[in-house]
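Side chains are part of it too, since the values below use all heavy atoms of this structure and drop only hydrogens, waters and symmetry mates.
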There are 2 protein chains.
Amino acid sequence: MRYVNFGDESALSPDDFFMDQALHEARLAYGEDEIPIGAVVVCQGKIIGRGHNLTERLNDVSAHAEMQALTAAANFMGGKYLKDCTLYVTLEPCVMCAGASYWFQIGKIVFGAYDTRMGFGRLNQKITHPKTIVTGGIRENECAELMRSFFKNKR
Amino acid sequence: MRYVNFGDESALSPDDFFMDQALHEARLAYGEDEIPIGAVVVCQGKIIGRGHNLTERLNDVSAHAEMQALTAAANFMGGKYLKDCTLYVTLEPCVMCAGASYWFQIGKIVFGAYDTRMGFGRLNQKITHPKTIVTGGIRENECAELMRSFFKNKR
């Protein structure tokens, strides 16, 4: 008889855990017929800002998940900068959102799926804050699959 | 006896006229102790969105004049895109705002003073929408002088 050991598998890394939360936000967007992108901002292990894409609901093409989460986090902090915070987002941020992260001086950006067309990584110059660390590809498949599924249903 | 002819001098070009309106917004910011940057969005000769820098009042480092004016204009239009509109702004937009203008598909950007440090023009790749026309240097001195005066008083 073999036992399945869930121990290690169920212990999520912090990045996995928080990307899971960003995915939760993305699924909320999906349920509202918004392009399914979600984001959370984490400071010292706590989520201090959440958001998902609201471009349809707000009729505002700039109402990206990151903008919601970053402004919510900054508002929560009562201060201006998010130097010790990490932005988790299911899709590689666009130039606008990466530009916003500069002003917030976000400490770290962790994104899920790559966006080779609109992602800020396509630029050959750094537009994030000099101190911002960037990691991509966390839970990449789940993040990308959510987008694929959404657009497949739209066709 | 000579008469002074004010005719030609008082007839402002459209660019001058609307940059004057953006300067008016910038002066409002100045009066509120905000970095004096103002913007208006114009469609078919009418101002459909206005805004000035509100980073202090909103405690939000992303509350730039352009973001206010663009979202106000898009809201006024009830639609999403600003293809036939012009954004007038007293300072060269940053990467975030230029990135936002991409999503709004703004037809034209006319800015006043150049911002060699933070302006999007420092990038060697185009980040505005392929169809967006960009012009800089309109009422450059007045726009720049407002900034200089503001920061001089801050020291």
Side-chain angles (χ1 to χ4, degrees), chain A residues 34-35 37 41 49 51 53-83 85 87 92-106 115 117-130 132, chain B residues 34-35 37 41 49 51 53-83 85 87 92-106 115 117-130 132:
Chain A
E34 299 273 2
I35 297 176
I37 304 166
V41 173
N53 187 32
L54 290 174
T55 52
E56 295 296 327
R57 198 205 300 177
L58 299 183
N59 208 15
D60 177 355
V61 292
S62 69
H64 289 193
E66 299 94 318
M67 301 300 274
Q68 315 295 322
L70 288 168
T71 51
N75 194 44
F76 176 85
M77 296 290 270
K80 293 179 173 181
Y81 302 120
L82 302 171
K83 293 182 186 189
C85 306
L87 168 70
E92 182 181 349
C94 73
V95 168
M96 173 186 71
C97 292
S101 82
Y102 176 98
W103 294 111
F104 287 106
Q105 298 189 20
I106 193 87
D115 183 351
R117 204 172 69 88
M118 295 305 300
F120 75 100
R122 74 189 160 83
L123 299 179
N124 57 22
Q125 284 163 289
K126 187 171 167 71
I127 60 169
T128 49
H129 194 269
T132 303
Chain B
E34 301 274 3
I35 297 177
I37 304 166
V41 173
N53 186 33
L54 291 174
T55 53
E56 295 297 327
R57 196 204 301 176
L58 299 182
N59 209 14
D60 176 355
V61 291
S62 68
H64 290 192
E66 300 93 317
M67 302 300 273
Q68 316 296 321
L70 288 168
T71 51
N75 193 44
F76 175 85
M77 295 288 272
K80 293 178 169 180
Y81 302 120
L82 302 171
K83 294 181 187 191
C85 306
L87 168 70
E92 182 182 348
C94 73
V95 169
M96 173 185 72
C97 292
S101 82
Y102 176 97
W103 293 112
F104 287 106
Q105 298 189 20
I106 192 89
D115 184 351
R117 203 173 69 87
M118 296 306 298
F120 76 99
R122 72 188 163 82
L123 299 179
N124 58 22
Q125 285 162 287
K126 186 171 168 72
I127 60 169
T128 49
H129 193 270
T132 304

**Q** For the side chain of B:Asp60 and the backbone of A:Ala74, is there at least one donor-acceptor N/O pair under 3.5 Å apart?
**A**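 Between the backbone of A:Ala74 and the side chain of B:Asp60 there is no qualifying donor-acceptor contact (under 3.5 Å).
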**Q** If you take all heavy atoms of B:Arg122 and A:Lys126, which pair is closest and at what distance?
**A**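 Heavy atoms only, the tightest pair is NH1-O, 4.3 Å.
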**Q** Could you measure the distance from the CZ atom of B:Phe104 to the CE atom of A:Met96? Nearest 0.5 Å is fine.
**A**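 Rounded to the nearest 0.5 Å, the CZ-CE separation comes to 7.5 Å.
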**Q** Contact part of A:Tyr102 toward chain B, heavy-atom cut-off under 4.5 Å: side chain, backbone, both or neither?
**A**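 Contact with chain B is through the side chain of A:Tyr102 alone.
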**Q** With chain B as the partner, which of A:Leu70, A:Thr71, A:Asn124, A:Val95 has the greatest number of non-hydrogen pairs under 4.5 Å?
**A**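 Counting heavy-atom pairs under 4.5 Å, the top option is A:Asn124.
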**Q** Minimum heavy-atom separation for B:Val61 and A:Tyr81, please, with both atom names.
**A**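 So the minimum-distance heavy-atom pair works out to CG1-CE2, 4.1 Å.
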**Q** Return the CE to CG distance between B:Met77 and A:Asn59, rounded to the nearest 0.5 Å.
**A**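 The CG atom of A:Asn59 is 11.5 Å from CE of B:Met77, to the nearest 0.5 Å.
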**Q** Among all residues two or more places apart in sequence or in another chain, which pass the side-chain hydrogen bond (donor to acceptor under 3.5 Å, both in side chains) test with B:Thr132?
**A**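 Residues passing side-chain hydrogen bond (donor to acceptor under 3.5 Å, both in side chains) with B:Thr132: none at all.
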